[in-house]
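To start, the structure under review is shown below, and the notes come after it.
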Amino acid sequence: MKNDALLQDFLSLVDIDGFSEHYAQDIGNGKYFGMPLEPIVIAEKRLRQAQERNIAYFSMEYGLATSFYNTFKSELPANPLNKIPENTVFSNYRLADYFFAVKVDSLIDLPIYSGGLGVLAGDTVKTMADYKLPASAVGILWHSGYFSQKFWFKYGQVPEKMHWDPRSYPGLIPLKNIITVKLKEEEIRLRLWKYYVYSYKHDYAMPLILLDADLPENSDDKKVLTDQLYRSDNSWIKLMQRAVLGFGGIAALSELGYPIDIFHLNEGHAALAFIAKASGLSEEGIKELKNKFYYTCHTPVQAGHDRFSEEDMRRVLKEEDFNLAQKLGRESSGQINLTLLSMNMSSSINAVSKRHQEVMQLQFPEYKDRIRFVTNGVHPYTWMSKDCLDVIKSFNSVIENVESNPMALAKVRSLKNNQDFRFQLWQAHQKNKSIFCNLLEKWQIKEDVFTICWARRIAAYKRPSLILQDVERLISIAKNIGPLQIVLAGKAHPSDNLAFTFINEMLDKVDALPDSAYDLLKVVILENYDIHMGKLLTSSVDLWLNNPCPPFEASGTSGMKAILNGVVQLSTLDGWVVEAEDLGIGKIFGSRYVEGKLGAEFDSHIKSDANELYDSLEEMAKQYYAINKSGKLDLSSQWIDMMINCIAAGAHFNTYRMLDEYKHMIWNIREKKESVARV
Ligand SMILES: *Cc1c(COP(=O)(O)O)cnc(C)c1O
């Protein structure tokens, strides 16, 4: 009976399209796709009341890691479209590439993200749920996701359209609510979908509202607006996608009856949300509205800032809205810049690391005093492997309550002299590494070989091919010190021609390696880098390589995932790493940012930095191979000290610390007694 009443309550708050046909077997008996239903009902009721300052978080993309974190269960068989496809490998062991592919039996991650920005949004939303904030998130239901990546021999990356099925994706539900966005000449109808992001302890859930233009009542040119994330071949589509997120997001919050006091923009893509709210307000009203908007900038790279011509803007926005957008966002070129617009319409501007703040202040001197920083983090319980967490939990007399308070990780330093801890940590790492090695068994990837990984978005400033500049040098390091395994992965944006040249360079370099070198140097390039693979790699390799050209990495987060698993860092000094320089988490190399000088992201010191990379790698290979001196595990090894320092640094580079800073410094939310204490 209680469960029946709960279901009735839920259905009165959430009006699902096709409930009895498609969703009745997964929602009911107190459950929502295997999770408790009650937290949803509590959150939905709470959001409709105006008793607290409700938050709406806007992001173009969300990477929620649904394939391995808080995965929903469905009674229906999984749709093959929603499963991770086979991925081919490109290596210097061509015979294996020819005969085998990597098969992972798992659901795809909800495909509404492209990379780091989306993962950050996903990790933020999960932490908001952990903190039980009165918050909802707004995004877009991308029917073709981002894209699927194929490597073609002698050609490079070929992007393929991705297909998945939202109707059978566990946990995702379409609502009967359909909203209308009225722009200057166009009207777009949008269906609302919901996905619930549960807290780690499953005691709270935060709704993620997803907008969908693929409706019969929309003309074909509107239907495609929510098809592909970051489509940029057409400036009108690009602008209309931003209009869907901004205008559509505001209309959706009002349709659902959520009163909002804090509108947080994760990047400037959603800047038109302000224009939507400001429509019809007096000058005084607009001034007051600014107090409710908060903006986070995520990149110092110019191409990362959206700009639209006056002409395009006039086509989309009504006269009055256009005038406001122009007043707040016009740059000297005459274009309307969404970064400028976002800065001018928000009461708060923040960068995502201390170094990024310095760079942003240099780029926008008029805003210098208003630009603050909150360094990014990662969600600890998403990215820390079960085996590492279990080891830490077993030392709970020293590290208390780590599952409620990741800041307690700092205390692992006091376990440095504990031989049992050192042994168990090493065992956990080796176990994770064996999972990865088994997956690539056909390529003879081995557990006792020093393994280095570079995996992230392929972009010029990240210098994906730096480690392949001199393969002879790599072979000589392997000969003198010990064999090397190098893993590379990443997608290039389909219209980033410069990034393609890096992929081609990487494929060509690997192809040119002699077969005879395979015992010393194995290089594997993995296709279709995604969150699932990110989790596998950041928890299993020995060394995480991060070599952006300073100062173009705003923060970077993949290294933070790695440190939570004791994976040692080899990095240039940029982004978050600047704040971790003295923490003993690995080695820093390469050219440095010269204060006050931005330069260009293409002027990237490849030769000199590659040489420093090899010198550093050689030193680290020596340290690594010292762990197994003459076949015997040496627990006193410095390498294990670095692994422990990494985990300790995770006490700072996580989304709990990050969200505390957003709450206190950016949103001015007063602390309630029961919330998580800081160490
Ligand atoms: C974490 C993550 C990123 C971000 O990597 P950076 O090194 O911070 O650029 C990109 N893609 C995926 C799939 C990730 O999980």
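Remember, it's 1-based here, ligands and their atoms both numbered in the order they're listed.
Taking the charged nitrogens against the carboxylate oxygens, Lys161 and Asp227 do have a contact shorter than 4.0 Å, which makes a salt bridge. Taking 4.0 Å as the cut-off between side-chain N and carboxylate O, Lys386 and Asp390 count as a salt-bridged pair. Electrostatic pairing of Asp609 and Lys607 does not count as a salt bridge here, judged by no charged N lying under 4.0 Å from a carboxylate O.
By the salt bridge (Lys or Arg N to Asp or Glu O under 4.0 Å) test, Arg456 pairs with no residue at all, sequence neighbours left out. For Arg242, the salt bridge (Lys or Arg N to Asp or Glu O under 4.0 Å) test picks out Asp306, with sequence neighbours left out.
In Thr538, neither the side chain nor the backbone holds a heavy atom less than 4.0 Å from any atom of ligand 1. Of all the heavy atoms of Val119, the ones lying under 4.0 Å from any atom of ligand 1 belong exclusively to the side chain. Contacts of Lys462 with ligand 1, taken as heavy-atom pairs under 4.0 Å, involve the side chain alone.
In this structure, the ring of Tyr195 has its center less than 6.0 angstrom from the ring center of Phe72. For an aromatic pair to be called close, the ring centres must be under 6.0 Å apart, and Tyr230 with Trp142 fails this.
Side-chain contact, Glu579 with Thr375: a donor N or O sits under 3.5 Å from an acceptor N or O.
Close approach to Ile531 involves these atoms of ligand 1, each under 4.0 Å from a residue heavy atom: 13 (C). Against a heavy-atom cut-off of under 4.0 Å, Arg456 is close to the following atoms of ligand 1: 5 (O), 6 (P), 7 (O), 9 (O). Listed by number with element, the atoms of ligand 1 under 4.0 angstrom from any heavy atom of Gly556 are 8 (O).
Residue-to-ligand polar distances keep Glu553 apart from ligand 1: every N/O pair is separated by 3.5 Å or more. Considering backbone and side-chain atoms alike, Ser558 places an N or O below 3.5 Å from some N or O of ligand 1. Any N or O atom pair closer than 3.5 Å counts here, and Ser114 shares no such pair with ligand 1. The N/O atoms of Lys561, backbone and side chain alike, include one that comes under 3.5 Å of an N/O atom in ligand 1.
Scanning the protein heavy atoms around atom 4 (C) of ligand 1, the nearest turns out to be Gly116 CA, 3.5 Å. In terms of protein heavy atoms, atom 8 (O) of ligand 1 is closest to Thr557 N, 2.6 Å.
Heavy atoms of Lys535 stay at 4.0 angstrom or farther from ligand 1. In this structure, Gly115 counts as a contact residue of ligand 1, since one of its heavy atoms falls inside 4.0 Å of the ligand.
A cation-pi contact, defined as under 6.0 Å to the ring centre and within 45° of the axis, links Lys126 to Tyr69.
With atom 12 (C) of ligand 1 as the reference point, the heavy atom nearest to it among Trp544, Trp383, Tyr529 is part of Tyr529.
Leu474 has its side chain within reach of Leu617: a pair of non-hydrogen atoms, C-beta onward, lies under 4.5 Å apart.
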